[in-house]
Number of protein chains: 2
Amino acid sequence: MGSSSALGVLAEPSRREILDLLRGGEQSVGDLVGHMRISQPAVSKHLRVLKEAGLVDARADAQRRLYRINPGPLEELDDWLAPYRGFWAARLDHLESHLDRRRKR
Amino acid sequence: MGSSSALGVLAEPSRREILDLLRGGEQSVGDLVGHMRISQPAVSKHLRVLKEAGLVDARADAQRRLYRINPGPLEELDDWLAPYRGFWAARLDHLESHLDRRRKR
DNA sequence: CAGCTATATAACTGTCAAGGCATCTACGGA
DNA sequence: TCCGTAGATGCCTTGACAGTTATATAGCTG
């Protein structure tokens with residue numbers, strides 16, 4: 001159960017969208033639904049998958065459930081990526097334009 | 001067509017296995033098949049997907065096709081991950097054990 | 001308690017993709 | 001040219017999974 005599982009979970013665009021939304025901080029299910037085009041049950045199911053993969057945590061606030069990012073699996077994904085970094089790090093000819101791109105964020 | 005596509009492609013364990021094998025350098029299809037438990041056609045199909053996603057390149061050598069890693073999409077995945085890095089970078093209490101883990105490779 | 005709100009679960013359906021086997025194509029050697 | 005090898009492609013079956021609607025559960029409010 002390495003970063004592998006996280007990759008499978010993140011393959012779903014809706015789940016990446018949820019994570020993106022959660023980058024702004026804790027959100028209730030209803031908040032998330034309001035920003036997405038799928039039904040509330042669909043969002044709930046994605047949240048379940050994300051939670052089982054450890055990518056989000058939830059806490060209860062009355063009837064609402066507030067979800068937030070749990071970075072652990074993303075960190076593992078970062079580790080998985082590590083051995084590949086050398087493949088582009090060595091390509092210095094591309095490095096500069098890459099840094100340019102990142103600087104623009 | 002951002003890192004999204006790469007994530008979908010990498011969700012497949014067999015495809016990650018192929019990439020791992022290719023980290024050792026160029027490999028023919030037969031070489032790859034020899035290290036995996038799926039049939040030759042299955043490997044060929046995965047290679048096609050990987051190639052269409054730009055994750056590998058191929059060159060011909062007589063009847064053989066030699067495949068190798070193309071890091072571009074992985075770099076994009078790295079970029080996708082960037083906005084999330086702050087989530088664990090700030091958790092200094094976990095940093096040390098994380099470094100321990102990495103040191104053991 | 002009655003009723004409302006917020007979320008989760010159930011049951012069902014349609015789509016898609018991975019894997020296998022059989023076959024086709026390309027190249028090289030005798 | 002004929003055969004063997006390497007790989008790709010076609011077809012088929014099967015399983016996983018996203019999405020929907022309907023319903024269940026939990027907590028708040030009057």
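Within every chain, numbering begins at 1; the chains are lettered A, B, ... in the order of the sequence lines, protein sequences first and strands thereafter. Every value quoted in this text rests on a predicted model; they were computed, and no experiment measured them.
Between A:Tyr67 atom OH and C:dT7 atom C1' there is a gap of 8 Å when expressed in whole angstrom units. We find that CZ of B:Arg65 is positioned 8 Å from C1' of D:dA8, with the value rounded to whole Å. Between A:Met36 atom CE and C:dT7 atom P the separation is 14 Å, expressed in whole Å. Counting to the nearest Å, the P atom of D:dA6 and the CG atom of B:Leu47 are 16 Å from each other. For B:Glu52 and C:dA17, the CD to P distance is 11 Å, given to the nearest whole Å. Rounded to whole Å, the distance from CD on B:Gln63 to C1' on D:dA6 is 6 Å. Between B:Gln27 atom CD and D:dG7 atom C1' there is a gap of 16 Å when expressed in whole angstrom units. Going from atom CG of A:Leu66 over to atom P of C:dT5 covers 19 Å, rounded to whole Å.
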Indicate for each nucleotide in nucleotides 14-25 of chain D, in 5' to 3' sequence, whether protein heavy atoms under 4.0 Å reach the base (B), only the sugar-phosphate (S), or nothing (-). ----SBBBB---
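Counting only heavy atoms from C-beta on, A:Ser44 has its side chain closest to C:dT7 among C:dT7, D:dG7, C:dG28. Listed nucleotides: D:dA6, C:dA8, C:dT7. Nearest to the side chain of B:Arg64: D:dA6.
Atoms OG and CE, from B:Ser14 and B:Met36 in turn, are 4.5 Å apart once rounded to the nearest 0.5 Å. Note that CD1 of B:Ile38 and CG of B:Leu32 are 9.5 Å apart. Values are rounded to the nearest 0.5 Å.
Of the possible donor and acceptor atoms, one in the side chain of B:Arg15 sits under 3.5 Å from a partner among the backbone N and O of B:Val9.
Note: A:Trp88 and A:Tyr84 fail the aromatic proximity criterion, with ring centroids not under 6.0 Å apart.
Applying the side chain to side chain donor-acceptor pair (under 3.5 Å) rule to A:Ser44 yields the partners A:Gln40; only residues at least two apart in sequence or on another chain are considered. Residues forming a side chain to side chain donor-acceptor pair (under 3.5 Å) with A:Arg59 (at least two apart in sequence, or on another chain): A:Glu26.
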